[in-house]
Amino acid sequence: MLSKTYAPAETEQRIYEGWERSGAFAARPESAAAPFTIMIPPPNVTGSLHMGHALTFTLQDTLIRWRRMQGRDALWQPGSDHAGIATQMVVERLLAEQGNQDRRSLGRDAFIDRVWAWKAESGGTITRQLRRLGASLDWPRERFTMDDGLSAAVRTVFVALAREGLIYRDRRLVNWDPKFQSAISDLEVESRETRGHLWHIDYPIEGAPGRFIRVATTRPETMLGDVAVAVHPDDARFADLVGRHAILPLVGRRIPIVADEYSDPEKGTGAVKITPAHDFNDFEVGRRHGLAMPSVLDREARVTFAELAADDPAIVDPAALAASRAALDGLDRYAARKQILAMLREAGLLADEVAHLHQVPYGDRSGVPIEPLLTTQWFCNASVLAKPAIAAVERGDTVFVPKQWENTFFAWLRDIEPWCISRQLWWGHRIPAWYGPDGAVFVAHDAAEAQAAAHAQYGHEVALSQDEDVLDTWFSSALWPFSTLGWPEKTAEVARYYPGDVLVTGFDIIFFWVARMMMMGLHFMGEVPFRTVCIHGLVRDERGQKMSKSKGNVIDPLALIEKFGADALRFTIAALTGPGRDVKLSEARVESYRSFVTKLWNAARFAEMNGVAPDPGFDPASVRSPLGRWILAAANEAAAEAGAALESYRFNDYAAACYRFTWNTFCDWFLEFAKPVLAQPETEAAAELRQVAAHVLGVILRLLHPVMPFVTEELWDRFGFGPDYSLIRAPWPEAMAPADAAAASAELDWVIRFITEIRTVRAEMNVPPGTMTPVHLRDARPETLARAEAWIEPIRRMARATEVSALAGALPAGSAQAVLDEATIILPLAGFIDIEAELARLRREVERAGGEAEKLARKLENADFVRRAPEAVVEENRERLAGIEAEVTRLQAALARLG
RNA sequence: GGGCGGUUAGCUCAGCGGUAGAGCGUCUCGUUUACACCGAGAGGGCCGGCGGUUCGAAUCCGUCACCGCCCACCA
């Protein structure tokens, strides 16, 4: 016996363990079935399950379960990401909290040991939470981006690309994060609008006492590294200064005034200071004009004079330089800014200070302003790798859903910059490059190979030192679709599961991850990594705000699971996920969809109480009763709708189709219709109906299983539809063909409308629900009367009717009337009815129908419409007009009868 | 500055050329033994504004407004 209420907390864990124990999640590489592959976007090993995870993993699990039920050999590849910076931060913070030595004093090897230890201890959090959500990942295949196999894949790719010249070292300006003291990639920089100032500074002109060139800057602290002033070649204001020199205040450097298109006469003062080592544009100007590039900020963004040599011939005022060094050396960049402004003000060179709103680059993880810094880093030539990726999407080898994201993908790849892949961190894949004593570089799979290459080059043994840096975390993620399958080994899995079928992920990592997997997949596998990229939105709070700790609007998926069950959360997510749309979630939403879980449970309880049980010998095609045929046909339709929706990643439509069929069709009508039949347990009709009910319940459980796996599995098992934990692999419902479905549908459709009409009239007339009244039909065709007769039992219960009979004569006093097709329903309600109200109601009806008729008539009188609209449309309108006119006539007759 | 998306019932959204819809919420009624996490019924919309195309526009085109996001030189 099913309990009165469903208790998810008690059920879910047991069922999940049942599935996992029985190997239900396992891919079957040896099977003959067509594979279906989804690669999990590896969550950070530091992470715990948040709503964004709940969204993406619910969708993926829904797809994988659905395909598994369709008989595909489903592989949902699990794993997690080492998340370089994030993990290193977590462990460093932990060391600090526990009062341990910091990373540097601990040393590299000891620190990395700590990280591994931490991973062993806490790294399993998210996989445990994924289990709570019901994710049917093939756990024994779980991978980690830093495990041996994946690390080998990383080295193989690095070495191959380096040998092809697609990975190289270069000294250039990079985005430097002073907090992490590491380079980061362009993607890890975010612009923040910032209220700052624009300072106007006068630079004295050499050999022209009292003459200045005025520059404008938001970053006076970088002026120490100025090596030129640029003006636009066509700017008449400065024409006579081009070719002359200014003397850089505070530094005493003689700097040229150059003409360069970069300078915009409209911006600032029209003259722009050039600091090649600390500004991306200035770097280009510096290159064009062959300028020196002294760095004046160090790795912690403190002022340094290391590259400003007093004996540099450009320094014409060494005393000024010495004074500045004394005042500024070692100051933090913002302290230096303040100090420099003070010094300029004192010298009378600070001409103006204007409030200024501008974009400032911040590190997305560190949250501190990025400093462009001139360093040597490893780069990947992404523009070469991007070309095949662009072409593949253009050809449709990979399709984005929704399609408009392809534009985003193209726009970024077509204009891609070199990808800075080295990071000055410790936690990550160490770059497989070794340096000889003279700085020669040996890129190799391992130290021995590097050593051999060095030996070949030098002719003797030399001491090599490995590059200290590690790779960008996204470098290993880019290989995920094949590295997880065992590549570069030639495994059966690589052959079978690559390329994957669909990648499900958020738009925020199209660049970080999707584009890079496309590039690496095409380059190393010669084939796209996935056929479809399903892009979903973000989870927001009920007001549409992004969830964030600072706003305090974060909803914890685990708390929702505790409270309402995983099925309720999953169904809510699916129901709210339109293609590419953000999901606005609130606890109230989940609570209301929890009702749906309960509804299903109660429907099953009702079935159980009425002896409904699966019958393996049942043949839907042999069902005789119209009720049975009707519900079987409706179940077919629901299954077709649900399948089509999943096929096109319309999760909301899938959820709605299941919801509607289960609640409105099955519970509200079918079960109600079935009650009188089931009340007579011994009849043949009842036996058939029980079989039908069992079958349709089975269809419902299977349709809902991908999104509500727990409660459906529990019911499946309790009813004995199959062995325990077998719903997960039960076949997805196929269309059955009940005979005469159309006739059955027409019949049930009439009965439903008939009951609804009566209910409406009774409600409007405020007839107490307890009161049963007779129902009469005027002008009804014999088959209509026969229908009423055949369905008299449900009509009695549901429409509170004592009888249904034809009535030709005079209207009984105090009757209400309603038109249904050719017939007029008459409800003798003497004692309840307010004749005035009934008159008003009928007049309203006449007006409504009359208005509609008039609209249609006017349309059909329009010669243009009749001539130009498709014949079928015109015909349909004619029929509609005829129907509505007949209704008007009957309504008027009904009015007339009332006098 | 460039690009993308959105604007339909109180809320969340579907519909994307031929009769404006759903869920939730609201209101009314209800102890009909599956379910009050329920049932029945009702009310609620110049489909953002303005033009255009069309026999016909929520739907196509143009334009404007507002909201959101992404990208882009910190003068």
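Just so it is clear: chains get the letters A, B, ... in the order the sequence lines come, proteins before strands, and each one is counted from 1. Just the heavy atoms: all of them, side chains too, but no hydrogens, waters or symmetry mates, feed the values below.
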For this session: Could you state the atom-to-atom distance from OH of A:Y593 to C1' of B:C24 in whole Å?
Result: 8 Å
Exercise. Hey, does A:I370 reach any base, or is it just sugar-phosphate, or nothing, if we go heavy atoms under 4.0 Å?
Worked result: base
Problem set entry | Shortest side-chain distance from A:L198, nucleotide among B:G41, B:A75, B:A34 | B:A75
For this session: Apply ring-ring contact (aromatic ring centres under 6.0 Å, His included) to the pair A:W405 and A:F400, showing each step before the final yes or no.
Result: CA-CA 6 Å; A:W405 288 109; A:F400 282 68; 8.5 Å; no
Exercise. Within the structure shown, what part of the strands sits under 4.0 Å from A:R797 by heavy-atom distance: base, sugar-phosphate, or nothing?
Worked result: base
Problem set entry | A:K859 side-chain proximity, nearest of B:C69, B:G18, B:G23 | B:G18
For this session: Take A:M51 and A:L560, measure what side chain to side chain contact (heavy atoms under 4.5 Å, CB included) needs, and give me the verdict at the end.
Result: CA-CA 10 Å; A:M51 265 332 294; A:L560 291 176; 4.3 Å; yes
Problem set entry | side-chain N/O A:T194 vs B:C74 OP1/OP2, d < 4.0 Å | no
For this session: Ignoring the backbone of A:R759, work out which of B:U12, B:A34, B:A40 is nearest its side chain.
Result: B:A40
Problem set entry | Nearest-0.5 Å distance, CG of residue A:L856 to CZ of residue A:R878 | 12.0 Å
Seminar exercise, completed: Ranking B:U12, B:C37, B:C73 by distance to the side chain of A:L576, first place goes to B:U12
For this session: Please state the P separation for the pair B:A14 and B:U33 - nearest whole angstrom.
Result: 40 Å
Exercise. Would you say the side chain of A:D864 and the base of B:C55 hold a donor-acceptor pair, judged only by whether the two atoms sit under 3.5 Å apart?
Worked result: no
For this session: Assess A:R414 against A:F410: is NZ or CZ under 6.0 Å from the centre of the six-membered ring, and within 45 degrees of the ring's axis?
Result: yes
Seminar exercise, completed: Per atom distances to the A:F511 side chain, the nearest of B:A34, B:C71, B:A42 is B:C71
Problem set entry | A:R868 (side chain) and B:U54 (base): donor-acceptor pair under 3.5 Å | no
Exercise. Of A:T408 and A:Q404, whose closest RNA chain B nucleotide lies nearer the 5' terminus?
Worked result: A:Q404
Seminar exercise, completed: Of A:R219 and A:F666, the one whose closest nucleotide on RNA chain B sits nearer the 5' end is A:F666
Exercise. How is A:H356 classified with respect to the nucleic acid when contacts are heavy atoms under 4.0 Å: base, sugar-phosphate, or nothing?
Worked result: sugar-phosphate
For this session: Give A:V873 one of three labels, base, sugar-phosphate or nothing, depending on what nucleic acid heavy atoms sit under 4.0 Å from its own.
Result: base
Exercise. Taking only N and O in the side chain of A:K267, is any of them less than 4.0 Å away from OP1 or OP2 of B:C74?
Worked result: no
For this session: Please say whether the positively charged group of A:R192, taken as NZ for Lys or CZ for Arg, lies over the ring of A:Y362, i.e. under 6.0 angstrom from the six-membered ring centre and within 45 degrees of the axis.
Result: yes
Problem set entry | Among B:G23, B:C74, B:A20, the one nearest A:R589 by side-chain distance | B:G23
Exercise. B:C74 P sits how many Å from A:F280 CZ, rounded?
Worked result: 9 Å
Problem set entry | Rounded distance in Å between the C1' positions of B:U7 and B:G48 | 6 Å
Exercise. Looking only at side-chain N and O atoms, does A:R581 come under 4.0 Å of OP1 or OP2 in B:U12?
Worked result: no
Exercise. Would A:W791 and A:F673 count as a close aromatic pair, with their ring centres under 6.0 Å?
Worked result: yes
For this session: Please work out if A:R660 contacts a base, only the sugar-phosphate, or nothing of the nucleic acid, heavy-atom cut-off 4.0 Å.
Result: nothing
Exercise. Which one, B:C55, B:A75, B:G41, comes nearest to the side chain of A:T756?
Worked result: B:G41
Problem set entry | Trace of the ring-ring contact (aromatic ring centres under 6.0 Å, His included) decision for A:F596 with A:Y659 | CA-CA 8 Å; A:F596 180 53; A:Y659 185 99; 4.8 Å; yes
Exercise. Given the C1' atoms of B:G49 and B:G56, what is the spacing between them in whole Å?
Worked result: 22 Å
Exercise. Taking atom types as they are modelled, is there a donor-acceptor pair under 3.5 Å from the base of B:C35 to the side chain of A:K599?
Worked result: yes
Exercise. So what does A:P870 touch, heavy atoms closer than 4.0 Å: a base, only the sugar-phosphate, or nothing?
Worked result: base
Problem set entry | Per A:R605 side chain, nearest of listed nucleotides B:C74, B:A14, B:C35 | B:C35
Exercise. Does A:R594 make a side-chain donor-acceptor contact with the base of B:C37, cut-off 3.5 Å?
Worked result: yes
Exercise. When you compare B:U8 with B:C13, how far apart are their P atoms, in angstrom units rounded to a whole number?
Worked result: 9 Å
Exercise. What nucleotide, of B:G41, B:A40, B:U19, holds the atom closest to the side chain of A:D668?
Worked result: B:A40
For this session: Describe the nucleic acid contact of A:P361 in one word from base, sugar-phosphate, nothing, applying a heavy-atom distance below 4.0 Å.
Result: base
Exercise. Contact class for A:A411 vs. all strands (heavy atom < 4.0 Å): base, sugar-phosphate, or nothing?
Worked result: nothing
Exercise. Base, sugar-phosphate, or nothing for A:Y659, non-hydrogen atoms under 4.0 angstrom?
Worked result: sugar-phosphate
Problem set entry | Spacing between A:R192 atom CZ and B:C71 atom C1', to the nearest angstrom | 17 Å
Exercise. Base, sugar-phosphate alone, or nothing: which one does A:K675 contact when heavy atoms must sit under 4.0 Å apart?
Worked result: base
Exercise. What integer distance in Å separates A:E871:CD from B:C55:C1'?
Worked result: 14 Å
Exercise. How are the rings of A:F511 and A:W412 set relative to one another: parallel (under 30°), tilted (30 to 60°) or perpendicular (over 60°)?
Worked result: parallel
Problem set entry | B:G39 OP1/OP2 closer than 4.0 Å to side-chain N/O of A:W663 | yes
Problem set entry | Between P of B:G5 and CG of A:D508, the distance in whole Å | 18 Å
Problem set entry | Nearest-angstrom distance from the residue atom CH2 of A:W601 to C1' of B:A34 | 12 Å
Exercise. Just how far, in rounded Å, is C1' of B:C74 from CG of A:L373?
Worked result: 16 Å
Exercise. With a 3.5 Å cut-off and no angle check, do the side chains of A:D226 and A:Y203 form a donor-acceptor pair?
Worked result: yes
Exercise. Is there a donor-acceptor contact under 3.5 Å linking the side chains of A:H289 and A:D260?
Worked result: yes
For this session: In whole angstrom, give the distance that lies between atom CD of A:E193 and atom P of B:G68.
Result: 13 Å
Exercise. Say you draw a straight line from CZ of A:F710 to CD1 of A:I561; how long is it, rounded to the nearest 0.5 Å?
Worked result: 8.0 Å
Problem set entry | Nearest-neighbour nucleotide for the A:A869 side chain, B:G41, B:G18, B:C13 considered | B:G18
Exercise. Within less than 4.0 Å of OP1 or OP2 of B:A75, is there a side-chain N or O belonging to A:Y203?
Worked result: no
For this session: Stems involving RNA chain B: give each as a range paired with a range, ordered by first number, where a stem means at least three consecutive Watson-Crick or G-U wobble pairs under 3.5 Å.
Result: B:1-7 with B:65-71, B:10-13 with B:21-24, B:26-30 with B:38-42, B:48-52 with B:60-64
Exercise. Counting any heavy atom closer than 4.0 Å, what does A:N407 reach on the DNA or RNA strands: base, sugar-phosphate only, or nothing?
Worked result: nothing
Exercise. Base, sugar-phosphate alone, or nothing: which one does A:E672 contact when heavy atoms must sit under 4.0 Å apart?
Worked result: base
For this session: Would you kindly check if the NZ (Lys) or CZ (Arg) of A:K675 is within the cone defined by 45 degrees around the ring axis of A:F670 and under 6.0 Å from the six-membered ring centre?
Result: no
For this session: Identify whether any heavy atom of A:E852 sits under 4.0 Å from a base atom; if not, whether one sits that close to sugar-phosphate; answer base, sugar-phosphate or nothing.
Result: base
